[in-house]
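See below for the structure under consideration.
Computed over heavy atoms, backbone and side chain alike; hydrogens, waters and symmetry mates excluded.
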Amino acid sequence: MSALLAVERWYRERIARLLTRGDPAAARVRASALAVLSSGGTLTSVQQSMLTYAIEELEQRPWSSYPDSREMLHLARLVDAAAQDQSKVIPSRSASAALKGL
């Protein structure tokens, strides 16, 4: 399953129960997930920076104080993978241009 499909499934099934008020890292992960889903797998440089910051924050948290951080970190890494997958795709020429050798 592609990373983007994994983000979509994970988001649909789990995000609601993981969002806690006053958790800016979780809010950034949620925003990043929505952005990557709505764009079909791409993030702007600002969105990517926001996601990277959220991942770093989640990695440094004490797990005992934030019980849902592991799951949010998992989602954040899926979002990052989905964005990375799409950033490696080279835009292709149209089929007719390819057939004409353009």
Side-chain angles (χ1 to χ4, degrees):
M1 174 177 1
S2 77
L4 188 59
L5 290 175
V7 170
E8 182 180 5
R9 183 175 178 197
W10 203 100
Y11 187 88
R12 205 176 45 243
E13 294 174 1
R14 298 182 187 174
I15 194 68
R17 71 177 177 80
L18 295 177
L19 291 178
T20 307
R21 288 186 156 208
D23 187 348
R28 284 192 293 277
V29 171
R30 179 182 183 273
S32 299
L34 286 173
V36 83
L37 289 171
S38 66
S39 70
T42 58
L43 293 176
T44 66
S45 59
V46 171
Q47 291 166 330
Q48 185 64 52
S49 295
M50 180 177 71
L51 177 61
T52 300
Y53 180 69
I55 289 171
E56 290 170 357
E57 184 177 337
L58 289 167
E59 288 175 336
Q60 295 174 12
R61 281 186 172 177
W63 299 115
S64 58
S65 300
Y66 299 91
D68 294 329
S69 291
R70 282 188 177 118
E71 289 192 72
M72 288 306 288
L73 181 58
H74 179 73
L75 175 59
R77 288 179 175 155
L78 284 174
V79 171
D80 190 45
Q84 297 303 318
D85 285 350
Q86 294 302 313
S87 71
K88 293 177 184 168
V89 174
I90 299 171
S92 61
R93 300 175 292 173
S94 71
S96 60
L99 289 173
K100 293 178 183 178
L102 300 175

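Here the OG atom belonging to S69 is positioned 14.5 Å from the NE2 atom belonging to H74, to the nearest 0.5 angstrom. L51 CG to T44 OG1: the interatomic distance, rounded to the nearest 0.5 Å, is 10.5 Å.
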Tabulate below the donor-acceptor pairs under 3.5 Å that side-chain atoms of residues 31-40 make, not counting sequence neighbours, or state none.
{"from": "S32", "atom 1": "OG", "to": "R28", "atom 2": "O", "distance (Å)": "2.8"}
{"from": "S38", "atom 1": "OG", "to": "L34", "atom 2": "O", "distance (Å)": "3.0"}
{"from": "S38", "atom 1": "OG", "to": "A35", "atom 2": "O", "distance (Å)": "3.2"}
{"from": "S39", "atom 1": "OG", "to": "A35", "atom 2": "O", "distance (Å)": "3.0"}
{"from": "S39", "atom 1": "OG", "to": "V36", "atom 2": "O", "distance (Å)": "3.4"}
{"from": "S39", "atom 1": "OG", "to": "G41", "atom 2": "N", "distance (Å)": "3.4"}
{"from": "S39", "atom 1": "OG", "to": "T42", "atom 2": "N", "distance (Å)": "2.9"}
{"from": "S39", "atom 1": "OG", "to": "T42", "atom 2": "O", "distance (Å)": "2.5"}
{"from": "S39", "atom 1": "OG", "to": "T42", "atom 2": "OG1", "distance (Å)": "3.2"}

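Applying the side chain to side chain contact (heavy atoms under 4.5 Å, CB included) criterion to T52, with sequence neighbours excluded, gives Q48, E56. For S49, there are no side chain to side chain contact (heavy atoms under 4.5 Å, CB included) partners two or more places apart in sequence or in a different chain. Here R70 pairs with W63 under the side chain to side chain contact (heavy atoms under 4.5 Å, CB included) rule; sequence neighbours left out.
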#### Entry: Step-by-step salt bridge (Lys or Arg N to Asp or Glu O under 4.0 Å) determination, R61 to D68
CA-CA 11 Å; R61 281 186 172 177; D68 294 329; over 6 Å; no
### Message
Let's go through V29 and L73 carefully: what are the C-alpha distance in whole Å and the side-chain angles of both, what is the deciding distance for side-chain contact (heavy atoms from CB on, under 4.5 Å) to 0.1 Å, and is it a yes or a no?
### Response
CA-CA 8 Å; V29 171; L73 181 58; over 6 Å; no
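Counting only residues at least two apart or on different chains, the salt bridge (charged side-chain N to carboxylate O under 4.0 Å, His left out) pairs with a member in residues 74-83 are E59-R77.
Contact record, A25 with A54: O-CB, 3.9 Å, taken as the closest heavy-atom pair.
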